[in-house]
Participant: 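Just passing along the structure, written as structure tokens.
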Protein chains: 6
Amino acid sequence: MDLSARNQLTAHVKNVKSNDISAEVTLDVGGQEMCANITADSVKKLGIKAGDEITAVIKASSVMLMK
Amino acid sequence: MDLSARNQLTAHVKNVKSNDISAEVTLDVGGQEMCANITADSVKKLGIKAGDEITAVIKASSVMLMK
Amino acid sequence: MDLSARNQLTAHVKNVKSNDISAEVTLDVGGQEMCANITADSVKKLGIKAGDEITAVIKASSVMLMK
Amino acid sequence: MDLSARNQLTAHVKNVKSNDISAEVTLDVGGQEMCANITADSVKKLGIKAGDEITAVIKASSVMLMK
Amino acid sequence: MDLSARNQLTAHVKNVKSNDISAEVTLDVGGQEMCANITADSVKKLGIKAGDEITAVIKASSVMLMK
Amino acid sequence: MDLSARNQLTAHVKNVKSNDISAEVTLDVGGQEMCANITADSVKKLGIKAGDEITAVIKASSVMLMK
């Protein structure tokens with residue numbers, strides 16, 4: 001299975017913070033910090049926890065540039 | 001000026017491809033490839049070209065995880 | 001590999017229309033029409049063509065409701 | 001009033017879960033499950049509850065494909 | 001019919017620019033300029049043209065803040 | 001530093017509501033109400049509070065039109 005999303009970054013999970021609906025997953029991508037806001041149910045379904053190797057997926061139309 | 005977007009990644013521009021409306025900017029982020037789909041007008045306004053050091057900005061709610 | 005995106009809909013590709021940068025893929029999801037706007041490069045990379053069985057993936061935070 | 005969003009799917013509400021800010025609405029779309037993450041205030045404003053017939057609205061640029 | 005999207009701004013269309021797939025609609029919102037990137041098909045379907053009074057619709061999760 | 005996002009609207013903060021993960025910031029844009037859903041951490045990091053003059057930033061691909 002291959003995904004159309006053009007951004008698929010190898011990352012490590014640094015921290016997971018959840019309430020009943022939302023979760024915030026902090027990632028390390030080659031020394032830079034990233035943050036994903038996903039549902040608490042997805043965190044449970046994928047069993048995401050600190051230390052995991054994970055892929056951050058971002059559609060190209062969601063990326064802005066600052067220069 | 002500080003931006004609420006939680007993902008601000010230092011990147012280098014590898015390639016820029018534009019038509020009259022859309023543009024696709026290929027980036028290198030610490031050895032990983034990224035792709036931003038922005039308007040052709042933004043490419044002109046910011047003067048984005050191969051070799052630029054640039055920041056890729058992504059809202060946390062636009063990041064998915066794959067494990 | 002499992003994806004955090006909460007919406008993964010089985011669909012059939014009805015039509016693909018591309019220019020040099022953007023592509024529009026028309027889908028049938030259980031008799032309802034959907035439309036995905038992805039990059040032309042992703043259409044080539046995945047070899048998407050009319051008749052394909054495919055999965056439409058949408059993050060829960062991208063879904064609005066109308067009542 | 002007509003909306004530019006290319007995806008407008010007829011759905012039924014299966015479940016609504018809210019906290020003070022966020023809400024998660026589970027939908028049935030022709031036998032497939034979908035999930036919308038909207039604000040708790042929108043759930044109240046539209047009076048969304050299990051059993052409602054509702055339209056799920058998604059912009060074409062928010063749809064990815066997996067094959 | 002009411003929409004869950006929390007941002008519904010009254011606007012005027014200043015300009016429409018289309019290619020075969022994408023369109024860029026420039027808007028005036030109380031003296032401030034906005035820009036919507038929608039499909040060329042949606043521009044045709046809604047008959048959007050300069051001078052139209054129109055509503056710009058944005059999901060709350062797509063709004064960032066800069067201070 | 002200039003940002004590719006085509007929508008940068010001058011606004012005033014009317015209200016801020018947060019839980020441990022998410023925050024909802026209500027804005028006034030030239031007399032029209034807007035709402036931004038960002039992380040609670042971004043609200044703290046930028047020190048966003050009622051009365052602030054702020055810029056609402058929206059990517060053109062996140063704007064829909066209703067006519």
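Predicted, not measured: the structure shown is a model, and the values here were computed from it. Worth knowing before you read on, the calculation uses all heavy atoms, side chains too, and leaves out hydrogens, waters and symmetry mates. Every chain is numbered from 1, with letters handed out A, B, ... down the list of sequences.
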Participant: When rounded to the nearest 0.5 angstrom, what is the spacing between OG1 in B/Thr10 and CD in B/Glu53?
Facilitator: 6.0 Å

Participant: Using a 4.5 angstrom heavy-atom cutoff, name the option from A/Leu9, A/Leu3, A/Leu46 with the most pairs to chain B.
Facilitator: A/Leu9

Participant: Go through A/Val57, A/Val13, A/Val29 and name the one with the most non-hydrogen pairs under 4.5 angstrom from chain B.
Facilitator: A/Val57

Participant: With a 4.5 angstrom heavy-atom cut-off, which part of A/Ile48 approaches chain B: side chain, backbone, both or neither?
Facilitator: both

Participant: Please rank A/Ile58, A/Thr26, A/Ile38 by heavy-atom pairs under 4.5 Å with chain B and give me the top one.
Facilitator: A/Ile58

Participant: Could you pull out the closest heavy-atom pair between B/Asp52 and B/Gly47, with the gap in Å?
Facilitator: OD2-O, 3.5 Å

Participant: Using the side-chain contact (heavy atoms from CB on, under 4.5 Å) rule, take A/Leu65 and B/Val25 through it: C-alpha gap first, then chi angles, then the decisive distance, then the call.
Facilitator: CA-CA 9 Å; A/Leu65 298 175; B/Val25 182; 3.8 Å; yes

Participant: If we ignore hydrogens and angles and just use 3.5 Å, is the side chain of A/Asn37 paired with the main-chain N or O of B/Ser62 as donor and acceptor?
Facilitator: no

Participant: For B/Asp28, is there any backbone N or O sitting under 3.5 Å from a side-chain donor or acceptor partner on B/Lys14?
Facilitator: no

Participant: Please identify, among A/Arg6, A/Glu33, A/Gln32, the residue contributing the most non-hydrogen atom pairs under 4.5 Å to chain B.
Facilitator: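 Highest number of pairs under 4.5 Å: A/Gln32.
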
